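Working notes for the structure below.
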Amino acid sequence: MTAIKLTNIDKYFGTGLSRVEVLTNVSFTADLGELSLILGPSGSGKSTLLTIMGGLQTPDQGEVLIDQQNLTKLSPKQRDQLRLNKIGFVLQSYNLLPYLNVRDQFKLVDRVKGKGNLPQAELDHLLTELGIDRLLNQYPGELSGGQNQRVAIARALYTDPQIILADEPTAALDSNRVKVVGQLLKQMAQDHHKAVIVVTHDLRLREFADHTYQLMDGHLTREA
Amino acid sequence: MFLALKEIKHAKFRYALITVMIMMISYLVFILMGMMLGLANENKAAINSWGTSTVFLNKNANGNLSASMLTKDQLPSRLNKHEALVGQVPVVVTRVGSQHKLKENAQVIGLDRQQFIAKEKIALTAGHQAKETHQVVVDEGLRAKGYRLGDRIRLNSSEQKYQIVGFTKDAKLNVAPVIYTTLTSWQQLKGVNNRVVASGVVTDRTEPASRFDQLSRYTAATFIQKLPGYTAQNNTFTFMIAFLMVISLVIIAVFLYILTMQKMNNYAVLRAQGIPAKHLVGATLAQAVILMLAGVIGGIIFTWITQLVLPTTVPILMNWPIIAGISLVLIILGMLGALLPVRMILKIDPVKALNN
């Protein structure tokens, strides 16, 4: 089942002679239960593509469909709402608030979203599965990089989104940790039935992907 | 509120420092306000205690009671029961027989014992009203300086001795204790002949029954404003307090701005995740209110302790409703200071956070 569909996306910055085409005629589909890997060097437009998928930017042409809704037609508030309910972000910087302990990172989501998050039993199971169930009273500054990344993944899953967008989730990790995170992302897609989209230049994640794409000079191509 | 409290709890020392800073500013504002009110009160307490509504003075006196002299022919032959003659002269008080040669500046107020001020408005805290010509009732301030009932005093260089027979409170004029005596004694101290009967006429009515066509009329408020140094002194304090309030606004704005700057990446990520800006704005405003509230409450507590330990010679008067009003203004200023970081939050671009 399709979770997100991008059709003929164009994105450029600047005007006239200084105009830079970042994405050209990009089309992309991700299904639930699959991990899609978008590979590309720095400056290839990976992050721009991710922000368009997440409704943080609108394309200059084309449409982005999530759950039958065209993101380009939604107001900023509606896009906020959609991100909160349908999309989970996993970032290189772990995106955890330094002054909230692990338990409060989830409480914050509860307070903002109210309902629709994972029930407590499922959250407990998820935390155990990720090996962070004993870290609930710890602050991000007291955790290792790997532990922070797992907490970030748990928080992204907590809102029960249908899409997980991961931006360079392994950039600062050694090979062993890359393997762990890769398996976790795969597990998120298969066991939790999410569409996981990872943009990265880390080729070590290739073995975990169901589909791999190459983004080069704004053109997206799917590897055979 | 959740984010605000969690952050304060996590960074206790940082927020404690900011709270202490706000507390010190509010403490200074409250103490200055107390001193302004205290000094103002010591300028006019006696006038207020008489229930003064209107004052009549000589036309050339420019509203200055001690510069005014009224003669018999300027007054009606008989005053109404709500009107009283008042004579004022500044004096130096010396206690007779004191080894320490106590000398104090004071204001002698001469009254007619048959008129309403002497009969109704001098509330005693000790002793009795003056019955003899050279008996006086004096302000409590003199008791605090060592004067006692029965003490004999000299006024200026006069050889005449006066006996303290009573103490009264709220008897201060021009920041000096008042000595209530008779108009006859006032004439002697002022060095005027019998033709000059008083400095002015005070009434507790807005519209006096008698006509004082040859005199200038002042409302109590105008009369007080014209007390020597009163307006200049109040304006000085008012400007000091106003500047302190503006400084507190700048300080809270700068602190919240710096704190918000440090959190911009975190906030941007939260915005990227769909957390509405109103939650982040709410957290910032809540933090401003919590900091201001804690600082102001601390300031009030310190002010209260200070006024308990200050010697009675320090003119300080705590008017708690005014302090509550100033506290409210300080908290509102804190929220105004928070508008700067709020503007930053509203302009956060989550895309930049992802790119960073």
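Only a predicted model underlies this, so the values are computations on that prediction, with no experimental measurement involved. Residue numbering restarts at 1 for every chain, and letters A, B, ... go by the order of the sequence lines.
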Is it true that, when you exclude B:Arg14 itself, more than 12 heavy atoms of the residues, nucleotides or ligands shown sit nearer than 6.0 Å to its CZ?
no
Report the distance from atom OH of A:Tyr99 to atom NE2 of B:His10, rounding to the nearest 0.5 Å.
10.0 Å
Who among B:Lys9, B:Arg271, B:Glu7 has the most heavy-atom pairs with chain A under 4.5 Å?
B:Glu7
Throw together a table of side-chain donor-acceptor distances under 3.5 angstrom for residues 34-42 of chain B, partners on residues two or more places apart or in other chains.
none

Around atom CE of B:Met318, are there more than 12 heavy atoms of other residues, nucleotides or ligands at under 6.0 Å?
yes
Which portion of B:Lys263 sits near chain A, non-hydrogen atoms under 4.5 angstrom
side chain
Flag yes if more than 12 heavy atoms outside B:Gln262 fall under 6.0 Å of its CD atom; otherwise flag no.
yes
Does B:Asn235 have more than 12 heavy atoms from other residues, nucleotides or ligands lying within 6.0 Å of its CG?
yes
Identify which part of B:Leu270 has an atom lying under 4.5 Å from any heavy atom of chain A, answering side chain, backbone, both or neither.
side chain
Which pair of non-hydrogen atoms, one from B:Pro276 and one from A:Val112, has the smallest distance, and what is that distance?
CD-CG1, 3.5 Å
Working to the nearest 0.5 Å, report the span between NZ of B:Lys6 and CG of A:Leu97.
12.0 Å
Can you tell me if B:Phe237 has over 12 outside heavy atoms packed within less than 6.0 Å of its CZ?
yes
Give, as side chain, backbone, both or neither, the part of A:Leu100 having an atom under 4.5 angstrom from any heavy atom of chain B.
side chain
Between side-chain atoms of residues 302-310 of chain B and protein atoms elsewhere (two or more places apart, or another chain), which donor-acceptor pairs fall under 3.5 Å?
unit_1: B:Thr303; atom_1: OG1; unit_2: B:Gly299; atom_2: O; d: 2.5
unit_1: B:Thr306; atom_1: OG1; unit_2: B:Tyr27; atom_2: OH; d: 2.7
unit_1: B:Thr306; atom_1: OG1; unit_2: B:Phe302; atom_2: O; d: 2.6

Which atoms of A:Pro98 approach chain B - backbone, side chain, both or neither, heavy atom under 4.5 Å
both
Atom CD in B:Gln273, atom CZ in A:Arg155: separation rounded to 0.5 Å?
4.0 Å
Listed by residue number, which members of residues 74-86 of chain A have a heavy atom under 4.5 Å from any heavy atom of chain B?
A:Asp80, A:Arg83, A:Leu84
With sequence neighbours left out, the residues meeting salt bridge (Lys or Arg N to Asp or Glu O under 4.0 Å) with A:Lys11 are none
Would the number of heavy atoms belonging to other residues, nucleotides or ligands and lying under 6.0 Å from CE of B:Met24 be above 12?
no
Output the distance between atom CG (B:Asp349) and atom CD (A:Gln57), rounded to the nearest 0.5 Å.
7.5 Å
Student check: side-chain heavy atoms of B:Phe2 and A:Asp104 closer than 4.5 Å:
yes
